[in-house]
Amino acid sequence: MQINFIPIDYDYFDFQGRNIIRIIGRNEQGKRVCVIDEFKPYLYAILKDEVTDKQIQELIKKIEKITIDLNSRTTKIEKIQIEGKNFLGKQVKVLKIFITNYKDAHPVADKLDFPEIQARREYDIPLLTKYIIDSKLEPLQTYIITGEIIDNNGYGGISNLDVSLVIKAEKIELIKEKQEFSPKILAYDIESDEFEIGKGEILMISLAGKNFKKVLTWKYCKKSADYVECFKDEAEMLEKFVEYIKKLEPDFLIGYFSDGFDLPYLRARAEKNKVKLSLGLDNSQPTFARGRIPSSSISGIVHIDLFRFIETVYSQYLESETLGLNEVSLELLGEGKKEFDFKHSGKMKEEEWSEFFEYNLQDSVLTWKLAEKFWPDMLEFSKILREPLFDITRDGMSQLVETYILHNLPNYNEITEKRPLYDEIGERRNLGKYEGAFVFQPSPGLYENVVMFDFTSMYSSVIVSFNLSKTTLTEKGKDTIEVGIGKDGTARFSKKPGFFSLMLKEIIEKRKKAKQEYKKNPSNYAKARSNAYKLLANAAYGYQGFFGARYYCREAAAATAALARKSILETIEKIQKAGYEVIYSDTDSICLLQDKKNKQEVLELLKKINSQLPGIMELELEDFYKRGLWVSKRASESGAKKKYALITEEGKLKIRGFETVRRDWCPLARELQSEVLKLILEDGKETRALELVKKTLKNLKERKIQREEIMIHTQLKKPISEYKAITPHVIAAVKMKEKGMPVDVGMLLEYFIAETREKKSLVREKVKLPDEKGEYNIKYYLEHQILPAIGNIFDVFNINIKEVADGKKQKKLGEF
DNA sequence: GACTTGGAGGTACC
DNA sequence: ACTGGTACCTCCAAGTC
């Protein structure tokens, strides 16, 4: 029997004490099929250099006797092979020890406590990762599987799965020709009358897929839109939900915040109603794994919480201030959630129910559209990292980097380093910070004709060019480079490339390739691939400095920052020596004034600098700007770092660090500042901007400012009780709690500062929630929002904006 | 009670 | 705990006069 097969969801189970892999996927006809494969687990014992062949043979005899006896199974040593491998870049002789069940790898490793063994490794790699590495059966690629059909009795009744066939793999071959795989994506969303999980009832569930829209409910059964289906009670609705999922056969069931809300809620209500939420292809119920955010999984169907994927791989590109469904959809799809005022369900009228159904459906529709939009990204990440979608949509950046490393180590014949133990993590964290990037001290002013250079993937290119990693860190020796890393002294790295820099180099090259491919033939897939490689490259530096990393190397991270500093300082010097004034620089970018030079001369300078840069380091032109503005710090005369505004020759603004881009300032101050910056950069002078300010001040004093313009948004970063300083946003949280509104860590709180009857000195005493009655506090919005936001901009023109606000006549210095 | 100062807290830049 | 360090700025908390 031979089938075409695209692996989608991976799982494993024990059969007769052994690990059996179960992969759900699609065949050529789009039918859901299951491939069964046996996993042959092993771990490595790395031998000490001086161990003789005779000693090895004796050691093997001792190891062969190891058994792990448990009630349910017995793990034995199945086979031992002697192999030559690399470990941390050094050649080693190892014993590859095959065992019966991988779940016992840890206890087996504990028993390998022999003096001939210097280290035990690869007993702590996730089983499915190990399986994918060994079998090369990677997610979302197309294979030909040759094997035998498993009948009803095979593997303890595996064929009870809801699939068209189960095949035991004998041979796995990759088909090189790309086959377009379009998955069946189904999005869902629930509405409940209480936010706390399981506390209230689920009022309705919506589903959205390709040409499919449905709202299931039981609360209101009078006439409604045709997509609404009504049932007699919550239990029946839940049963129908399960039925629909089974009928629709999605590959992916996608929610938004569904890991922590929708799926756990469904499970809790199902339990309460004594309904089995048997969504799994084996009729199992969803399971939940603990973590910072719990992960909710369904056997055989990939449950994806799209929010988590967007958060890690896309949030840095979004302008949205929250990653909520509404804002993200508005930005990416140009369409937001339906407006709907929540009321207690008992008080709703017919019309309101219709609106509620529409609202619920729209959430699923948006989630589905976003899922379609992010499908290329999910696919490419999954292919590049060779891990199932379930994992790559939930992993953080460091985990993604590590996953890439794990799957690519076999190319270097490397044995994988272990995860740091709890104590090791503690020690690493206690080391504190090392010196980071260089930031140029700017001088406040409005500049004409500004040029911006930046280093392409600077930190990655430093790591690659200087070979900085755990495996190349060395004590002494020739053919090394020495890097000063501040108070930690010096670090030395061998020049012989280690796998880390080689892998990273490959990532950068693949990124370039994907980018070129995209230019030649634009497709969402090439774009997603390019982006995935870019993110991996950018996270590699942080990974080496991350205390939880297998290949943690503080020295490498510190050396990367040190060499990047050295490089940018040298480059700045070269630019200055060429006769240019450098006005700003942060980490990997340099701003200079074009002055009387023409663009060609600037580009020639760039070319010259590039010819002298080491390794793969590269400086590129970011853009030519017509004007740029830098301001002073609030508290002093000196220029503020990480705050500037530029305008391109086409009139496009680039604003960094200013209150305009900070969500914890009210829209009034932000929008005014943004307009002021725009007018000044367009005009090259402040006249029009000043008029605008005066107009706004007048509106403020006449109370003409709209409510939403004065709302301040601040995130609640920890539970209310843990705050040492009671700041305004904490008061907002307390007030919300008192009103019975949901208050969760991570929430963006909204409040405004109101006038108070008695004189109160603290800001927090004037905090009011959006729906509270009260007038905005003119003094506060003037002195704490508007003036601070524009003050140092007008300082550049020697205008004291406070005096303007007070009605005094302002003078320019030149007029004295 | 007014004022200063340091720290907590949040958010941005790269 | 879930990539790193650098920087700005507000408001509170606690100290000084």
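The figures that follow rest on heavy atoms only: side chains count, while hydrogens, waters and symmetry mates do not. So you know, we letter chains A, B, ... as the sequences are listed, proteins then strands, and number each from 1.
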### Task
Give me the one residue out of Glu321(A), Glu659(A), Glu708(A) that meets salt bridge (charged side-chain N to carboxylate O under 4.0 Å, His left out) with Arg670(A).
Glu321(A)
### Message
Under 4.0 Å, heavy atoms only, any strand: does Gln715(A) hit a base, just the sugar-phosphate, or nothing?
### Response
sugar-phosphate
### Query
Do Tyr317(A) and Tyr314(A) have ring centroids that are under 6.0 Å from one another?
yes
### Interatomic distance, Asp395(A) CG vs dA1(C) P [rounded to whole Å]
18 Å
### Gly436(A) vs Gly548(A), nearer the 5' end of DNA chain C by closest nucleotide
Gly548(A)
### Query
Closest nucleotide of DNA chain C for Pro788(A) versus for Lys724(A): which of these residues is on the 5' side?
Pro788(A)
### Message
Distance check needed: dC13(B) P versus Asp588(A) CG, whole Å only.
### Response
14 Å
### Message
For a quick test of reading the model: is some side-chain N or O of His784(A) closer than 4.0 Å to OP1 or OP2 of dC11(C)?
### Response
yes
### Query
What is the nucleic acid contact for Ala557(A), judged by heavy atoms within less than 4.0 Å: base, sugar-phosphate only, or nothing?
nothing
### Message
Nearest whole Å is fine: how far is dA12(B) C1' from Asp586(A) CG?
### Response
11 Å
### Query
Does the side chain of Lys643(A) get closer than 4.0 angstrom to OP1 or OP2 of dC9(C) through an N or O atom?
yes
### Query
Any salt bridge between Asp586(A) and Lys641(A), counting N to O under 4.0 Å?
no
### Integer-rounded Å distance: dA12(B) C1' and Tyr644(A) OH
11 Å
#### Entry: hbond_proxy Arg663(A) side chain to dT11(B) base (donor-acceptor, 3.5 Å cutoff)
no
### Message
In this structure, how many angstroms lie between the P atom of dG10(B) and the CD atom of Glu659(A), rounded?
### Response
18 Å
### Query
Separation of Leu762(A) atom CG from dT10(C) atom C1', in whole Å?
13 Å
### Message
Output the rounded distance in Å from NZ (Lys717(A)) to C1' (dG9(B)).
### Response
9 Å
### Query
Phosphate oxygens OP1/OP2 of dA13(C): is one of them under 4.0 Å from a side-chain N or O of Arg764(A)?
yes
### Task
Hey, can you tell me if Trp630(A) and Tyr644(A) have their rings parallel, tilted or perpendicular (30° and 60° cut-offs)?
parallel
### Task
Compare side-chain N and O positions of Lys642(A) against OP1 and OP2 of dA12(B) and report whether any pair is under 4.0 Å apart.
no
### Task
To the nearest Å, give me how far apart CZ (Arg656(A)) and P (dC13(B)) are.
6 Å
#### Entry: Below 4.0 Å: OP1/OP2 of dT3(C) and any side-chain N or O of Ser398(A)
yes
### Query
Going by the angle between their ring planes, with limits at 30° and 60°, are His784(A) and Tyr780(A) parallel, tilted or perpendicular?
parallel
